[in-house]
Amino acid sequence: MLNLQGKVAVIFGLANKRSIAWGIAQKLHEAGATLAIGYQNERLKAEAHQLITELPGSDAFQCDVVNDAEIEQTFALLKEKYGKVDILVHSVAYAMADDLKNDFSLTSREGFRTALEVSAYSLIALSRAAAPLMPEGGSILTLTYYGAEKVVPNYNVMGVAKAALEASVRYLAADLGRKQIRVNAISAGPIKTLAARGIGGLSDMLKAHADRAPLHRNTDQLEVGGTAAFLASDLASGITGEVIYVDSGYSIMGF
């Protein structure tokens, strides 16, 4: 069993129990990590505090990841409370509804900017804030999807944002490696999360995934959580800048 005793993990993007971040939180907690959960705004405060009641020893902090002042304030609070951060989990993505419904060529300028800022730039901003709290090194994780590499119907601008996210993982890994901070992405198969429900044809996507993947089934949040716990641990000390697939093998198939 993985041992993350004494490690402090900060998780952004845990909206509810359908979130991939919930599977990650469960596995990190199970391995002994102390959790800090970041929630976006006052509207999500009650949900966040309800979730941490099932993760004894955890705490919640309000932080909108597109607000630099809130990021700075949050990491100041984390430093005050814990003194350090060992693990950062970025499970944040957003695109405007119209940009997921219309043809990709109709993506609005504002929609493109929003998708890239929330889904990709926020990883850079959070990593920059976390790095000073990782004096002995650490592990930064983000969540991506196969639509970053191949065209997935209705994924549209989110695919472009995830491609930028994956490139950011590589550049951050190169930048932060001298501080022994590892940066990796997990490319999860489609999961019926709150965010995924905004993508048209999700049911078809799930069916195609289960039909074509070598394991002939969809991916589970806890499987993603298990991989996150591994990447956060010393067992993955030599892995950085990588995209690890947890998709029942779907990504290896030609057709």
Side-chain angles (χ1 to χ4, degrees), residues 1-65 70-92 122-123 125-143 179-184 186 188 191 193-195 220-237 246:
M1 181 177 175
L2 291 171
N3 184 1
L4 297 176
Q5 292 284 343
K7 303 288 188 182
V8 176
V10 186
I11 302 176
F12 292 90
L14 207 176
N16 55 43
K17 288 188 177 180
R18 288 180 175 240
S19 302
I20 291 176
W22 175 243
I24 294 174
Q26 288 177 283
K27 287 297 184 180
L28 293 181
H29 182 263
E30 185 181 294
T34 297
L35 303 186
I37 306 300
Y39 60 92
Q40 182 184 13
N41 52 36
E42 191 68 25
R43 182 175 62 84
L44 297 173
K45 181 177 181 178
E47 183 79 33
H49 281 273
Q50 177 61 37
L51 288 170
I52 65 174
T53 61
E54 298 188 34
L55 304 167
S58 303
D59 205 349
F61 299 82
Q62 181 171 320
C63 182
D64 187 337
V65 298
E70 287 195 21
I71 292 174
E72 183 179 347
Q73 181 181 33
T74 297
F75 279 87
L77 290 172
L78 292 169
K79 182 178 181 180
E80 181 181 339
K81 184 175 178 66
Y82 303 109
K84 64 167 185 172
V85 168
D86 300 288
I87 302 158
L88 170 66
V89 178
H90 171 273
S91 183
V92 180
S122 60
L123 174 66
L126 292 173
S127 298
R128 182 169 59 243
L133 300 186
M134 295 179 165
E136 298 179 1
S139 176
I140 297 174
L141 305 171
T142 189
L143 276 300
K179 299 179 181 179
Q180 298 305 303
I181 297 173
R182 298 179 294 105
V183 187
N184 292 290
I186 298 173
I191 296 174
T193 63
L194 183 64
D220 180 81
Q221 280 98 328
L222 289 176
E223 292 177 316
V224 181
T227 302
F230 162 70
L231 289 171
S233 76
D234 292 340
L235 293 176
S237 60
V246 184

- Query: Just how far is it from atom CG of L78 to atom CD of Q73, taken to the nearest 0.5 Å?
  - Reply: 10.5 Å
- Query: With a cut-off of 6.0 Å (strictly less than), are more than 12 heavy atoms of other residues, nucleotides or ligands near CG of D234?
  - Reply: no
- Answer yes or no: is there a side-chain heavy-atom contact under 4.5 Å between V8 and L133? no
- Say you draw a straight line from SG of C63 to CD of E70; how long is it, rounded to the nearest 0.5 Å? 6.0 Å
- Message: For A129 versus P132, what's the shortest heavy-atom pair and its separation?
- Response: O-CD, 3.3 Å
- So do the side chains of L4 and S233 get within less than 4.5 Å of each other, counting heavy atoms only? yes
- Message: For a quick test of reading the model, state the closest non-hydrogen atom pair linking S122 to H90 and the distance between them.
- Response: OG-NE2, 2.7 Å
- Item | Which atom of G226 lies closest to which atom of L2, heavy atoms considered | O-CD1, 4.5 Å
Give every donor-acceptor pair under 3.5 Å between a side-chain atom in residues 21-40 and any protein atom, sequence neighbours left out.
| from | atom 1 | to | atom 2 | distance (Å) |
| --- | --- | --- | --- | --- |
| W22 | NE1 | Q26 | OE1 | 3.2 |
| H29 | NE2 | P56 | O | 3.1 |

- Query: Closest approach of I87 and A232, non-hydrogen atoms and distance?
  - Reply: CD1-CB, 3.7 Å
- Message: Taking the side chain as everything from C-beta on, heavy atoms only, tell me whether T227 gets closer than 4.5 Å to V224.
- Response: no
- Item | Residues M134, L88; criterion side-chain contact (heavy atoms from CB on, under 4.5 Å); working and verdict | CA-CA 10 Å; M134 295 179 165; L88 170 66; 4.2 Å; yes
- Note on the structure: Distance col, row D220:CG vs I20:CD1, nearest 0.5 angstrom, shows 10.0 Å
- Message: Using only atom types and a distance under 3.5 Å, with no angle test, would you say the side chain of Q221 pairs donor to acceptor with the backbone of R18?
- Response: yes
- Query: So, for A60 and A48, which heavy atoms are closest and what is the spacing to 0.1 Å?
  - Reply: CB-CB, 4.4 Å
- Would you mind reporting whether I71 and L126 have side-chain heavy atoms less than 4.5 Å apart? yes
- Query: Is E54 salt-bridged to K17, going by a charged N under 4.0 Å from an acidic O?
  - Reply: yes
- Supply the atom-to-atom distance I140 CD1 to L231 CG, rounded to the nearest 0.5 angstrom. 12.5 Å
